[in-house]
Structure formats: structure tokens, C-alpha cells
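Only a predicted model underlies this, so the values are computations on that prediction, with no experimental measurement involved. Remember, it's 1-based here, ligands and their atoms both numbered in the order they're listed.
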Amino acid sequence: MAVAALALEDITVTFVSQDGARYTALRNTTLRIAPGEFVSVVGPTGCGKSTLLNVAVGLLQPSAGRIRVFDEPLAGLNRKAGYLFQTEALMPWRTALQNVTAGLEFRKTDPSQAARQAGNWLQRVGLGGFGERYPHQLSGGMRKRVALAQTLILDPQIILMDEPFSALDIQTRQLMENELLELWSANRKSVVFITHDLEEAISLSDRVVVLSAGPEAHPIGEFDIDLPRPRDVAEIRLAPRFIELHTLIWRAMKNEVLKSYARQQKQ
Ligand SMILES: Nc1ncnc2c1ncn2[C@@H]1O[C@H](COP(=O)(O)OP(=O)(O)O)[C@@H](O)[C@H]1O
Ligand SMILES: [Mg+2]
């Protein structure tokens with residue numbers, strides 16, 4: 001591969017609790033994302049997906065391993081990346097528009113220019129006319145759209161998403177997934193999309209990486225998704241090739257899901 005947009009190499013993360021107990025969430029995990037590539041990471045709940053993303057964001061220092069961003073070692077926060085987390089990240093005291101301008105303010109962009117750009121982004125995510133609303137006056141799907149605009153307005157080269165749509169109902173979720181694909185295809189950035197939902201992973205991605213159940217989670221399979229684009233995430237699920245890929249990847253995942261389930265029962 002040419003220079004990777006993001007390379008996580010041999011990452012090991014061991015958490016040490018206050019009583020000294022050690023838990024190795026990830027062991028020797030390597031993940032490389034090419035410029036413009038859309039990669040999903042799937043794995044059972046609790047396997048270490050968020051941990052891996054936090055390492056990529058630069059919020060969590062791994063116990064071992066290297067992180068390179070466009071071939072530069074990562075030091076501190078990953079400034080080339082924008083993030084979208086599972087939990088709500090909007091500031092409740094700011095309007096939708098003011099939430100979208102937040103990052104630009106931080107970058108000291110001229111306020112009227114920031115407001116104009118934010119207005120454009122709200123349009124692009126289907127929220128033209130909602131700029132003056134506060135987060136509590138918006139639906140869950142609308143808040144996600146604001147968060148998406150808030151991330152994309154900064155034009156990050158790498159977009160890191162941690163189960164961003166998992167709290168949405170299925171229809172809203174599919175709308176958002178299609179919108180995400182449309183925005184992504186307009187100026188392809190590198191995307192790492194974390195999900196526990198295999199169908200979501202296949203329908204969005206160029207490549208799906210399957211993580212094993214923890215502890216010591218690591219990739220156990222990598223699958224190229226050769227489905228044509230543009231895709232409609234609801235329709236593509238009916239394609240015979242989708243079903244083939246789903247069967248293939250599920251075979252790799254199933255044991256890990258069962259292991260993780262059995263472990264949870266014991267707790
Ligand atoms: N700060 C932490 N301290 C101790 N253990 C942690 C910490 N963060 C995560 N873990 C553990 O690491 C494992 C992986 O967590 P996480 O990455 O959140 O999983 P996922 O996102 O795949 O559901 C879990 O067993 C979790 O309890
Ligand atoms: Mg998680």
C-alpha cells in the first residue's frame with residue numbers, strides 16, 4: 001500500500017485498575033487505512049473497538065505499538081482526524097448553528113464566515129432552517145446530523161466514527177447511512193467506522209475488519225467489499241453478493257460473538 005492515511009501498528013492496550021488488576025483489551029492489533037478508503041471495524045460488544053478508536057484519536061496512549069498519520073508518528077491528539085462518537089456530543093446551551101461553528105471558532109475563523117459555512121453544512125445534512133434550534137428541540141436523528149456537520153465542517157482528512165448511528169431507529173439510521181455515503185463520495189476522506197452491526201459494516205464499506213472477542217482482541221479477518229457504488233444501504237442488503245459476503249464474514253464472527261456472550265453470562 002502507498003502511504004497510509006492512518007496506520008495503527010502492533011497496538012497493545014493494557015488497562016491497570018486501582019487495585020493493580022491488569023486487563024489487556026487489545027493485543028498486537030494492526031490496522032492500515034488508505035487515503036479515501038472506508039473501513040469498518042466490527043466485533044462483539046466489549047472487544048475493544050472504542051479502545052482502538054481512542055488510540056487512533058490520540059486520547060489513549062497504547063501500552064505498545066506505533067501510530068502513524070500520513071506517515072508521521074502521532075504525538076498527542078490526532079489533528080488530521082475528526083471524530084463522531086456514539087454518545088451525544090452537542091453543547092446543549094448552543095443552537096445547532098453555534099454547535100456547527102464551534103470548531104471553526106476554535107480555529108479563529110472570522111465569525112461571519114464561520115456562520116456562513118455552518119449554514120451551508122446544515123443545508124447539506126438536511127437541516128436548513130433548523131440553525132436556531134437548540135439540541136433539545138431536535139430529534140435524535142437531527143442531532144446526529146448536527147454532529148456530522150460539526151465534524152465535517154473542519155474538513156478532516158480522516159473521519160473516525162464510533163457506532164454513531166446505533167441509538168437511532170432503523171429508518172432514520174438508513175437515511176443517515178445513505179447521507180454519510182453521499183457526503184463521503186463527494187470528496188473521499190479516509191473513514192474508520194466502528195460498529196457491532198455486520199450489515200451496517202458491509203453496506204457502507206470498502207473493507208471490513210473483524211476483531212476477535214476480548215481480552216487480547218486482534219483482527220481475525222479482513223474482507224474486501226466488492227459491491228458497486230453508489231449504494232443504497234437498504235437496497236444493497238438484498239443483492240446476492242451482499243448475502244454471500246454476509247455469510248462469509250458472519251462465519252468468521254460467529255464464534256467470537258458466542259465467546260463474548262458466554263463471558264458476559266459468567267459476570
Ligand atoms: N479505562 C478503562 N479501564 C479499564 N478497562 C477498560 C477501560 N476502557 C475499556 N476497558 C475494557 O476494555 C474492554 C474493551 O472496551 P471497549 O473498547 O469499550 O469495547 P467495545 O467498544 O468493543 O464495546 C472492555 O472489557 C472494557 O471493560
Ligand atoms: Mg464501544
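- Distances from atom 13 (C) of ligand 1 to the protein include at least one heavy-atom value under 4.0 Å.
- The pair Glu105-Arg94 counts as a salt bridge, with a side-chain nitrogen and a carboxylate oxygen less than 4.0 angstrom apart.
- Side chain of Lys189 to main chain of Ile159: no donor-acceptor pair is present (N/O by atom type, distance under 3.5 Å, no hydrogens or angles).
- Protein heavy atom in closest approach to atom 15 (O) of ligand 1: Thr51 OG1, 3.7 Å.
- Residue-level proximity to ligand 1 for Ser50 is carried by backbone and side chain together, each with a heavy atom below 4.0 angstrom.
- Counting only heavy atoms of the protein, atom 8 (N) of ligand 1 lies nearest to Phe15 CZ, 3.3 Å.
- At a threshold of 4.0 Å, the pair Glu179-Arg145 counts as salt-bridged, since one of the basic side-chain nitrogens sits closer than that to a carboxylate oxygen.
- At a threshold of 4.0 Å, the pair Glu177-Arg237 counts as salt-bridged, since one of the basic side-chain nitrogens sits closer than that to a carboxylate oxygen.
- Between Arg68 and Glu9 there is no salt bridge, since no side-chain nitrogen of the basic residue lies less than 4.0 Å from a carboxylate oxygen of the acidic one.
- Distances between N or O atoms of Gly46 and those of ligand 1 include at least one value under 3.5 Å.
- With Ser190 contributing its side chain and Ala5 its backbone, the two residues share no donor-acceptor pair below 3.5 Å.
- Using a 4.0 Å threshold on non-hydrogen atoms, atom 3 (N) of ligand 1 counts as touching the protein.
- Distances shorter than 4.0 angstrom occur between a heavy atom of Cys47 and an atom of ligand 1.
- Ser203 places a side-chain N or O within 3.5 Å of a backbone atom of Glu200 that can act as its donor or acceptor partner.
- Ring pair Phe85/Tyr83 is tilted by interplanar angle, where 30° to 60° counts as tilted.
- Short contacts between ligand 1 and Ala25, defined as distances under 4.0 Å to a heavy atom of the residue, involve ligand atoms 12 (O).
- Of the protein's non-hydrogen atoms, Gly48 N, 3.2 Å is the one closest to atom 19 (O) of ligand 1.
- Metal site remark for the Mg ion (ligand 2): Ser50 contributes an N, O or S atom at a distance under 2.8 Å.
- Below 3.5 Å of separation, one finds an N or O of Lys49 facing an N or O of ligand 1.
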